[in-house]
Amino acid sequence: ARKGKTPEEVVKRYLQKVRNSPEEDCTICMETLLGPSGYKGPGVASVSRAESVGRLAQCGHLYHLQCLVAMYNNGNKDGSLQCPTCKTIYGVKTGNQPPGKMEYHVIPHSLPGYPDCKTIRIIYNIPPGIQGSEHPNPRKPFTARGFPRHCYLPDNEKGRKVLRLLLVAWDRRLIFSVGTSSTTGESDTVIWNEVHHKTEFGSNLTGHGFPDSGYLANVLEELKAQGITEDEEQQ
Ligand code: NAD
Ligand code: ZN
Ligand code: ZN
């Protein structure tokens, strides 16, 4: 979708024109919407009029056009935009998960808290590699620790729904990222992105195990924050 589109064109797709700017501050640059953008830095040269203001079509939040373009340029430029105030996603959000494999199967055991059903085991495997332009340190190697990583869901209706949405998240490169591990402190390594997984099967020594009666609802919320909901399954 982004082919041939400049960052300014991508951003403008999601905006409505604002004729009279209100007396509010732009929450990206903290300057008034009545004046020019206060954003200083790379990636703003392409915007024609520094003073123009846009309204995000769905949520209605207002920003300097130049600030939105700068924000877009600082991201992975996938044709999508996320409102920094309310997190509404415009277009299809994708991430920078490195290449790898996602597999799953049903195992004939029950998770603590789900005595009446079997268990879905997901296996993620990502090898180490070289960072791309979408990563923190392009051309530098990244490590990949603790793979294959095994994750568990109850094999019931809600668990299978989570699985379907995780498959979408995987395709959109949103399950893992490259960065600094908060557990180990290692930089330039594969880390979990913002969708929590249960990596412990029969116990809960790490806090990433069962029982956890709120988990399925939480992970559905986290997927929603990445723009992945049940409604998309039809698309
Ligand atoms: P991280 O520590 O930067 O944390 C990112 C997110 O993942 C956080 O939300 C955190 O709560 C969650 N998370 C942390 N540990 C988790 C776990 N064990 N199971 C499920 N979610 C977890 O991300 P990271 O470095 O990718 O995660 C650390 C985990 O990765 C380790 O606990 C381990 O399971 C695995 N790991 C294994 C090795 C190894 O050599 N075996 C090395 C590094 C990491
Ligand atoms: Zn601004
Ligand atoms: Zn908004």
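In each ligand, atom 1 is the first atom listed, and ligand 1 is the first ligand listed.
- Nearest protein heavy-atom contact of atom 27 (O) of ligand 1 is W192 CD1, 3.5 Å.
- Between the side chains of N76 and N96, no donor-acceptor pair of N or O atoms lies under 3.5 Å.
- With the Zn ion (ligand 3) as the vertex, atom SG of C59 and atom SG of C86 span an angle of 110° (nearest 10 degrees).
- Residue T206 has no nitrogen or oxygen atom sitting less than 3.5 Å from a nitrogen or oxygen atom of ligand 1, judged on distance alone.
- By the 4.5 Å heavy-atom criterion applied to side chains, T119 and Y114 are not counted as neighbours.
- With atom 8 (C) of ligand 1 as the reference point, the heavy atom nearest to it among E186, H197, H196, E194 is part of H196.
- Taking atom 25 (O) of ligand 1 as the reference point, the nearest protein heavy-atom neighbour is S181 OG, 2.6 Å.
- Separating the CG atom in L165 from the CD atom in Q226 is a distance of 12.0 Å, to the nearest 0.5 Å.
- Donor-acceptor pairing under 3.5 Å is recorded for the side chains of T189 and T143.
- The closest side-chain donor-acceptor pair between Q97 and N193, if any, does not fall under 3.5 angstrom.
- Of the listed residues (S177, S182, G179), the one carrying the non-hydrogen atom nearest atom 3 (O) of ligand 1 is S182.
- Any N or O atom pair closer than 3.5 Å counts here, and N193 shares no such pair with ligand 1.
- Note on ligand 1: R149 sits in its first shell, one or more heavy atoms being nearer than 4.0 Å.
- Between R55 and H61, the side chains place no donor N or O within less than 3.5 Å of an acceptor N or O (distance only, hydrogens not considered).
- In terms of protein heavy-atom proximity, atom 41 (N) of ligand 1 is nearest to G146 CA, 3.5 Å.
- Vertex the Zn ion (ligand 2); arms to C67 SG and C29 SG; angle rounded to 10 degrees, 110°.
- In terms of protein heavy-atom proximity, atom 42 (C) of ligand 1 is closest to R145 CB, 3.0 Å.
- Between H197 and Y124, a ring centre-to-centre spacing shorter than 6.0 Å is recorded.
- For F176 and F147, the distance between ring centers is under 6.0 angstrom.
- Residue nearest to atom 11 (O) of ligand 1, selected from E222, H208, K198: H208 (by heavy-atom distance).
- With a 4.5 Å cut-off on side-chain heavy atoms, C151 and R121 do not count as touching.
- Linking ILVMFWY side-chain heavy atoms closer than 4.5 Å, directly or via other members, places V219 and L163 in a single hydrophobic cluster.
- The single protein non-hydrogen atom nearest to atom 19 (N) of ligand 1 is T199 OG1, 2.6 Å, given as residue, atom name and distance.
- Remark: atom 33 (C) of ligand 1 lies closer than 4.0 Å to no protein heavy atom.
- Looking only at its N/O/S atoms, H61 has ND1 as the one nearest to the Zn ion (ligand 3).
- Taking only nitrogen or oxygen atoms, main chain and side chain alike, T184 does not reach within less than 3.5 Å of ligand 1.
- When hydrogens are left out, the protein atom nearest atom 2 (O) of ligand 1 is T183 OG1, 2.4 Å; that is the closest non-hydrogen contact.
- Side chain of Y104 to backbone of Y152: no donor-acceptor contact under 3.5 angstrom is found.
- Among heteroatoms of the N, O or S kind in H64, ND1 lies nearest the Zn ion (ligand 2).
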